[in-house]
Amino acid sequence: MQLDIEKINDGTGAIVTLRIDNLDAGNAKAFKEALQPVLDANKAVLIDMSQLNFVDSSGLGALLSCLRAMNNKEGELKLFAMTKPVQALFELVRMHRIFAIYNSREEALSSL
Amino acid sequence: MSQAQLIQLENGGVADTAILFSGAAGAELGLGLGLGLASELLPLIDRPMLQRVVEWLVRGGCQQLHVVLGDEPLPVKALLGDGSRWGCRVTYHHGSATEHPARLFRRLQLAPERHYVLANGWSLPADNGEFLQGEIPPGAIGRAAVHAQGESICWSGWGLFAGAWLLGDENSNGQSLESCVMQEHRITRLHMAQPWSAATPAQLLQSSQRLLQQHGAGIERQHSSQIHPSATIHPPAYIGRHVRVGANAVIGPHAVLCEGAFVDRDALVQNAVVLPHTYIGEGLDLRNSVARGARLANTALETVVEIRDPDLLSALPLGAEPASPPAWQERLLALTLRLVLAPLQLLTYPTARRAQATGLRPRRSRVIQPGHTGPTEVEVNMASPAWLDSTTEPFNRTLHFHDTFYPGLREVVRGRLRLAGPAPRSAAAVGALAEEWQALYLKARCGVLSEIVTQSIPDFSPEMQLASDAMACATQRHLRQAFGLLWRYLILTLRDFRAVPKTPSVDSSHAPGVHRGKSSTVHHRSAQ
């Protein structure tokens, strides 16, 4: 699972760039396991979705699980630079009302 | 769209021949939908775009259509046939995106002195055909329908042109046909509104909305559609044949549900088109989109995405129409049978009373109702045919008549069951069956009669049950088959009834008409 992690906000936040094309049943579990330490260590996590072209229900479940984990510790999880196919899926399943989604990295950073 | 006027020409002749481009043969004119089906075959509300085009041309006087096929000729041929359905002649020609139209026109052996209508299968001019009427000025080649597309003007692919020009060298200088049409000064270009179009998802959606408005902006609902009472429909909306709308779903405004679509509970379809036999999953939010099978074209985001989760978006099996309730003729027959057979029901009462006393047969049961995904069931006032279950009891046809068949006729009148069909089972019982068996119950409505109960000596082996249910599914549409079963059943029931001893001391399990199921042990069933 390829994730690039960049620290922000004096180390209290992180930007995670997903270097994967698909987030589906095949790698959803690995994604959660790879992201968990980042969620534990940061108050705010921004996920760069620009390279993700496909998400299925397993991938959505993994993202939801991460959101829940951050909400439980009163942290923030935001998504940005979502590709159109993924955005269409999010709108279809109404996940765009659950996640904070931004068009760009700058917008996401300014929301913190 | 109102009827097009006859296409009259200056010399009084009629342009009765059209050249109709379909599929990739018209690629130069712009094609591409991403939904896995050629644009012209997509329905605009209630019928394929191509069909609308042909109807329009025929109404306008075209008697001969030269259809130029692209990469997928079979669906087009299947739809149009030889044209006799519309009162015209259709001949087919193969074309390719790389072949210049002038070469194609020469292959069609067009007559230079005549005029021909050029058309395409995925769009239709919005002016009711008037642009094809009237005289063509001397020296002019013809006229073409154009419309604004953003900042530019483009050709709609429709026009009336002289055969000589179509065949001539000016048309074969390597430029696209559209370029030739737009540059030729002898062609009158008539500006009109956006054509009706299925060329892209956005155009299909827009055309559907315009057509809904044109039809009165109300709710148009076709027969055999099923809408849950708690669902909400906001006009304008179109609900096609065999559409199912689940509980609390919200449809519209500007929603088109084409034939066989299934919108599951709590879903929202707004400003969207659900193409035929497409399943929209529970709780989904479909806006500004065109959905076909597992593909979703979001026109606002200008993207097409394939959904791999069948419980979200999927194609329903073609041909698996929701098993419709019995027709009025069948219901009337059931009502008549209840009246005619009432005396026999009274005569079989003692047998039923004895069985009831031993707790053999509960009088109510749950029966699965057909559906595309996920079973639903209703409680009916008739005994389940218990000999089909693992806990068996001997099959008693007299008892079956009194507790299952006769009460079941009432369910036929109510539309819940058919006269003949797969054996009535609960949803839980169907869920426990093998997959191929479960599929039968999703396609056909349960019946009061089946092949097995009309056998002289019923064979309740699993293979026979499957064969009986499969036969019932295959023949359910034919009332004649049900008549045959009914006749045999009544003959056997009367025979068995007359043979059963009337004195209570005789063990009925050894009487004729009483047959063992899978087990030779008789169980006293508890109420379900």
Side-chain angles (χ1 to χ4, degrees), chain A residues 1 18-32 47-68 71 78-108, chain B residues 32-36 200-202 205 246 248-251 255 257 261-275 278-315 373:
Chain A
M1 176 59 53
L18 301 180
R19 300 267 179 222
I20 49 176
D21 189 54
N22 292 353
L23 181 58
D24 54 23
N27 59 3
K29 188 178 174 189
F31 167 77
K32 275 169 58 176
I47 300 182
D48 183 349
M49 308 274 283
S50 59
Q51 297 190 27
L52 198 59
N53 287 309
F54 177 80
V55 179
D56 71 358
S57 54
S58 301
L60 288 173
L63 286 167
L64 266 177
S65 160
C66 295
L67 178 66
R68 212 174 291 125
N71 287 344
K78 298 174 190 269
L79 311 178
F80 68 90
M82 201 175 275
T83 56
K84 287 184 178 179
V86 175
Q87 190 176 348
L89 177 64
F90 266 63
E91 290 180 6
L92 182 68
V93 297
R94 303 183 187 183
M95 293 274 264
H96 61 301
R97 298 181 191 177
I98 299 172
F99 283 91
I101 301 174
Y102 300 90
N103 291 328
S104 65
R105 177 188 169 114
E106 291 69 33
E107 280 184 26
Chain B
L33 201 59
L35 290 174
T200 67
L205 187 57
N248 302 313
V250 177
I251 307 298
L257 306 183
F262 181 18
V263 178
D264 215 333
R265 58 185 306 130
D266 299 315
L268 170 82
V269 178
Q270 202 173 78
N271 196 35
V273 175
V274 180
L275 291 176
T278 296
Y279 169 71
I280 306 296
E282 276 188 41
L284 294 190
D285 191 325
L286 194 74
R287 297 185 211 225
N288 306 313
S289 300
V290 178
R292 177 178 180 262
R295 296 195 192 193
L296 176 73
N298 187 312
T299 59
L301 296 173
E302 296 178 346
T303 189
V304 178
V305 58
E306 181 140 4
I307 309 293
R308 292 185 200 165
D309 297 281
D311 54 331
L312 293 182
L313 205 69
S314 61
T373 61

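Below, chains carry the letters A, B, ... as their sequence lines are ordered, and counting in each starts from 1.
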Q: Without swapping roles, check the side chain of Asp309(B) against the backbone of Ser57(A) for a donor-acceptor pair under 3.5 Å.
A: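 Here the side-chain-to-backbone pair exists.
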Q: Quick check for you: among Thr303(B), Ile280(B), Ile307(B), which has the greatest number of heavy-atom pairs under 4.5 Å with chain A?
A: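 Most heavy-atom pairs under 4.5 Å with chain A: Thr303(B).
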Q: Checking heavy atoms, do the side chain of Ala267(B), its backbone, both or neither come under 4.5 Å from chain A?
A: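 Answer is backbone: N, CA, C or O of Ala267(B) sit under 4.5 Å from chain A.
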Q: Closest approach of Leu296(B) and Ala88(A), non-hydrogen atoms and distance?
A: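 Result for this residue pair: CD2-O, 4.3 Å.
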Q: Has Arg308(B) got a side-chain atom pairing as donor or acceptor with Asp56(A)'s backbone, closer than 3.5 angstrom?
A: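 Flag not set: sc Arg308(B) to bb Asp56(A) has no pair under 3.5 Å.
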Q: Between atom CG of Leu89(A) and atom CG of Leu284(B), what is the distance when rounded to the nearest 0.5 Å?
A: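 These two atoms lie 9.0 Å from each other.
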Q: Return yes when atom CD of Glu306(B) has more than 12 non-hydrogen atoms of other residues, nucleotides or ligands closer than 6.0 Å, and no otherwise.
A: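 Above 12, so yes.
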Q: Between Arg94(A) and Leu268(B), is a side-chain contact (heavy atoms from CB on, under 4.5 Å) present by the stated rule, with each step listed?
A: CA-CA 10 Å; Arg94(A) 303 183 187 183; Leu268(B) 170 82; 3.4 Å; yes
Q: Has Lys84(A) got a side-chain atom pairing as donor or acceptor with Leu301(B)'s backbone, closer than 3.5 angstrom?
A: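 Answer holds: yes.
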Q: Heavy-atom distances under 4.5 Å only: say whether Asp24(A) touches chain B with side chain, backbone, both or neither.
A: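 Interface part for Asp24(A): side chain.
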Q: For the pair Asp285(B) and Val93(A), evaluate side-chain contact (heavy atoms from CB on, under 4.5 Å) and give the outcome as yes or no after the intermediate values.
A: CA-CA 6 Å; Asp285(B) 191 325; Val93(A) 297; over 6 Å; no
